[in-house]
J.: 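Dropping a structure here in structure tokens format, bear with me for questions.
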Amino acid sequence: MSQTLKAVRGTRDLLPPETALWNRIEATARAVFARYNFGEIRTPIFEDTLLFARGVGEETDIVSKEMYTWEDRARAASEKPQSLTLRPENTAGVVRAYIEHKLGETGQLQKLYYIGPQFRRERPQKGRYRQFWQIGAEAIGPQSAGSESPLRDAEVLEMLSSLLNELGISGWTLELNSVGSSADRARYNDALRAALEPVASQLCADCQRRAVTNPLRVLDCKVPEDQAIIETLPKIAEYLDEDSKKHFDAVIAALDAAGVPYHLNPRLVRGLDYYTRTTFEFTHGGLGAQNALLGGGRYDGLSEAIGGPKAPGIGFAIGLDRLVLTLQGLETTETIAEKINAYIAPLGETVNPAALKLARELRRAGLSVELGDGSFRLKKSFEAADKVARKIVILGEDEVQSGILTVKDFSTGAQTKVPRAELDRFLQQ
RNA sequence: GCGGCUAUAGUUCAGCGGCAGAACGCCUGACUGUGGCUCAGGAUGUCGUGGGUUCGAUCCCCACUAGCCGCCCCA
């Protein structure tokens with residue numbers, strides 16, 4: 001076994017029938033995005049390492065220890081090798097493309113979505129892979145295009161609630177928060193650190209470490225004994241400036257008007273440096289420690305951070321691997337593979353050519369058809385047909401001569417003679 | 001990167017220091033142009049990889065690899 005090649009750690013093959021579910025999800029997402037006037041963008045799967053260092057944040061775990069980075073060969077002796085990285089997320093790439101193609105010069109709000117693989121060198125777990133798939137979207141543009149409006153935030157959240165509902169996911173929760181401007185966040189971080197100092201010794205071991213290394217993470221602690229103390233810590237809402245407060249209130253007002261349910265979660269802090277103001281997460285039970293289906297937020301300073309013009313934006317990324325797991329867990333009846341229209345069973349190899357001709361005609365008419373083989377015994381054809389098709393079409397010498405086919409319906413067990421001219425319609429049912 | 005659990009047939013899993021097992025699935029036949037239900041028969045495999053202990057290891061020990069669970073972090 002060790003000598004045979006296997007998919008590398010944290011990567012996997014997606015096979016039928018599971019891929020049908022993936023396709024359904026992707027098709028639903030595309031349809032929903034289209035209704036909101038989002039267009040698809042496809043960015044390269046690897047980028048200059050600097051993009052992620054500047055965009056995602058040098059100090060984040062993603063950049064500091066989870067990227068697949070390598071030095072590309074120099075093209076000439078005089079040239080320095082370039083450091084390249086498999087994209088760990090797609091927002092930075094989208095914003096880079098926005099800057100590179102001067103999309104801001106159009107004066108229009110850019111509404112872009114993507115579906116594709118991302119790469120992080122983390123320890124694999126269920127719902128966490130080293131190559132994982134995200135469906136995401138970004139609404140970004142110059143301020144004159146309304147890119148900074150709280151209505152954009154609310155619209156994106158409303159779109160996501162519609163998408164999840166259309167996918168048949170019930171029981172999701174929208175966790176909503178505002179992290180303010182980067183200055184607000186810095187002030188809050190200091191206040192939190194100060195507030196933690198006298199009480200840290202009463203917290204769990206993890207929190208004692210977090211209190212020093214990453215105070216915001218203390219808010220995420222799930223240890224019951226710690227909750228009383230955590231409740232007494234300062235809230236980020238108290239550190240928001242006037243504009244951020246007004247923005248957040250407007251987002252909430254729009255969500256209320258549209259009837260999108262949400263749960264205000266002052267403890268929701270996101271890991272990437274570029275987030276400002278609105279941050280959110282849609283969670284679902286049954287995913288274990290990885291309970292977030294998707295996450296996102298506003299990033300008003302990202303474009304400038306990577307050398308572009310001011311271009312406020314808001315976006316999200318859905319963890320497709322987790323979405324699939326969630327849907328599989330819901331055991332909706334539709335996950336059962338749909339059966340094709342017909343299985344053609346040629347009787348004897350001499351009718352094989354006639355069978356291909358018939359299959360070609362039926363398929364051209366839009367029917368999904370499986371083709372057996374004349375060497376199969378009829379019993380074998382029936383067994384195979386029953387697994388994949390709703391009906392079996394028996395094609396023996398008799399049928400070829402007369403043009404009247406024998407068709408059996410597996411759901412009723414009824415067998416009928418059907419003239420070729422009526423076959424298409426008969427199989428459609 | 002750290003800690004714990006796991007690895008046996010296509011799949012889900014039992015098992016034991018001495019010939020490798022079950023269920024489901026698969027193949028053949030009973031039934032030469034009729035599936036499902038039934039019956040009879042058959043094949044499943046380097047027991048994750050490498051090393052050690054032993055007369056003998058799938059079993060015990062060590063290392064490695066991979067998966068799962070948790071931590072860090074995150075979608």
Side-chain angles (χ1 to χ4, degrees), chain A residues 1-12 15 56-57 59-66 88-91 116-136 160 204-207 209-210 213-214 216-217 220-223 268-272 275 280-284 287-297 315-326 343 345-348 351 372 374 376-399 405-415:
Chain A
M1 274 307 211
S2 73
Q3 281 151 358
T4 62
L5 291 169
K6 298 191 296 184
V8 302
R9 182 177 176 82
T11 70
R12 60 194 178 135
L15 307 170
V56 178
E59 300 305 318
T60 60
D61 273 39
I62 293 177
V63 172
S64 64
K65 57 186 204 195
E66 293 173 1
E89 55 95 59
N90 217 333
T91 298
Q118 321 291 337
F119 305 84
R120 286 183 204 167
R121 201 178 180 292
E122 297 179 288
R123 180 89 169 221
Q125 272 179 40
K126 198 180 195 66
R128 166 189 281 182
Y129 304 96
R130 289 182 168 185
Q131 175 174 337
F132 59 102
W133 290 72
Q134 287 187 331
I135 299 178
L160 282 167
C204 69
D206 279 338
C207 283
R209 179 173 40 73
R210 291 176 185 136
T213 60
N214 193 350
L216 290 175
R217 281 289 142 207
D220 271 350
C221 181
K222 280 143 199 139
V223 178
L268 179 68
V269 288
R270 306 203 52 75
L272 309 188
Y275 284 115
F280 58 87
E281 219 167 67
F282 282 72
T283 59
H284 192 275
L287 279 171
Q290 281 73 50
N291 69 339
L293 276 178
L294 68 93
F316 62 85
I318 303 170
L320 192 43
D321 306 80
R322 291 184 190 176
L323 199 56
V324 167
L325 276 174
T326 303
Y343 181 102
L347 284 180
V351 294
F376 295 168
R377 289 180 48 212
L378 189 54
K379 172 186 163 68
K380 179 173 170 149
S381 291
F382 261 87
E383 286 169 346
D386 194 16
K387 287 191 183 76
V388 300
R390 291 196 287 273
K391 297 187 180 73
I392 184 169
V393 177
I394 297 163
L395 190 67
E397 300 284 0
D398 296 352
E399 284 82 0
L405 298 134
T406 306
V407 182
K408 187 158 184 176
D409 185 323
F410 286 118
S411 59
T412 62
Q415 184 160 313

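All of these numbers come straight from a predicted model, not from anything done at the bench. Just so it is clear, the values below take in all heavy atoms, side chains as well, and ignore hydrogens, waters and symmetry mates. Chain identifiers are assigned alphabetically (A, B, ...) following the order of the sequence lines, protein sequences preceding nucleic acid strands; residue numbering begins at 1 within each chain.
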J.: When rounded to the nearest Å, what value does the distance between P atoms of B:rG25 and B:rA20 take?
T.: 27 Å

J.: Considering Watson-Crick and G-U wobble pairs with both distances under 3.5 Å, what does B:rC68 pair with?
T.: B:rG4

J.: Rounding to an integer number of angstrom, what distance separates B:rA66 and B:rG29 when you compare their P atoms?
T.: 45 Å

J.: Under 4.0 Å, counting only non-hydrogen atoms across every strand here, what does A:Arg12 touch: a base, just sugar-phosphate, or nothing?
T.: nothing

J.: Name the nucleic acid region contacted by A:Phe410, choosing base, sugar-phosphate or nothing; use a 4.0 angstrom heavy-atom cut-off, strictly under.
T.: base

J.: When the P atoms of B:rU49 and B:rU28 are considered, how many whole Å apart are they?
T.: 31 Å

J.: Which nucleotide wins on minimum distance to the side chain of A:Arg377, given the candidates B:rG29, B:rG35, B:rG67?
T.: B:rG29

J.: Would the base of B:rU34 count as contacting A:Lys408 through its side chain, where contact means a donor and an acceptor less than 3.5 Å apart?
T.: yes

J.: Check every strand shown and say whether A:Asp321 touches a base, only sugar-phosphate, or nothing at a heavy-atom separation below 4.0 Å.
T.: nothing

J.: Tell me whether the OP1 or OP2 atom of B:rA66 has a side-chain N or O from A:Arg9 closer than 4.0 Å.
T.: yes

J.: Using only side-chain N and O atoms of A:Gln125, determine if any of them is under 4.0 Å from OP1 or OP2 of B:rG67.
T.: no

J.: Which value, in whole Å, describes the distance between the P atoms of nucleotides B:rU58 and B:rA40?
T.: 34 Å

J.: Looking only at the side chain of A:Asp61 (C-beta and beyond, no hydrogens), which of the listed nucleotides B:rC74, B:rC73, B:rG1 gets closest?
T.: B:rC73

J.: Do A:Arg120 side-chain and B:rA75 base share a donor-acceptor contact under 3.5 Å?
T.: yes

J.: If I pick the P atom on B:rG21 and the same atom on B:rC61, what distance separates them, to the nearest angstrom?
T.: 24 Å

J.: Between A:Ala7 and A:Phe132, which is nearer to the 5' end of RNA chain B once each is assigned its nearest nucleotide?
T.: A:Ala7

J.: Expressed as a whole number of Å, how far does the C1' atom of B:rA22 sit from that of B:rG45?
T.: 15 Å

J.: Looking at A:Asp386 and A:Lys408, is there a salt bridge between them, counting it only when a charged N and a carboxylate O are closer than 4.0 Å?
T.: no

J.: If the C1' atom of B:rC5 is compared with that of B:rC19, how far apart are they to the nearest Å?
T.: 32 Å

J.: To the side chain of A:Lys126, which of B:rC69, B:rC73, B:rG33 is closest?
T.: B:rC69

J.: Pick one for B:rC26: is it syn, with its angle within 90° of 0, or anti?
T.: anti

J.: Provide the Watson-Crick or G-U wobble partner of B:rC26, both distances under 3.5 Å; none if there is no partner.
T.: B:rG42

J.: Does A:Lys65 make a side-chain N or O approach to OP1 or OP2 of B:rC74 shorter than 4.0 Å?
T.: no

J.: Assess whether one donor atom and one acceptor atom, taken from the side chain of A:Glu383 and the base of B:rG36, lie less than 3.5 Å apart.
T.: no

J.: Is the charged tip of A:Lys380 near the ring of A:Phe376: under 6.0 Å from the six-membered ring centre and within 45° of its axis?
T.: yes

J.: Return yes if the base of B:rG1 and the side-chain atoms of A:Glu122 contain a donor-acceptor N/O pair under 3.5 Å, otherwise no.
T.: no

J.: By nearest atom, which of the nucleotides B:rC2, B:rU34, B:rC73 is closest to the A:Arg123 side chain?
T.: B:rC2

J.: Side chain of A:Glu399: nearest nucleotide among B:rC68, B:rG33, B:rA75?
T.: B:rG33

J.: If the C1' atom of B:rU11 is compared with that of B:rC71, how far apart are they to the nearest Å?
T.: 32 Å

J.: Checking A:Thr406 against A:Glu399: is there a side-chain donor and acceptor pair closer than 3.5 Å?
T.: yes

J.: Pair A:Glu383, A:Arg377 - check side chain to side chain contact (heavy atoms under 4.5 Å, CB included), show working.
T.: CA-CA 10 Å; A:Glu383 286 169 346; A:Arg377 289 180 48 212; over 6 Å; no

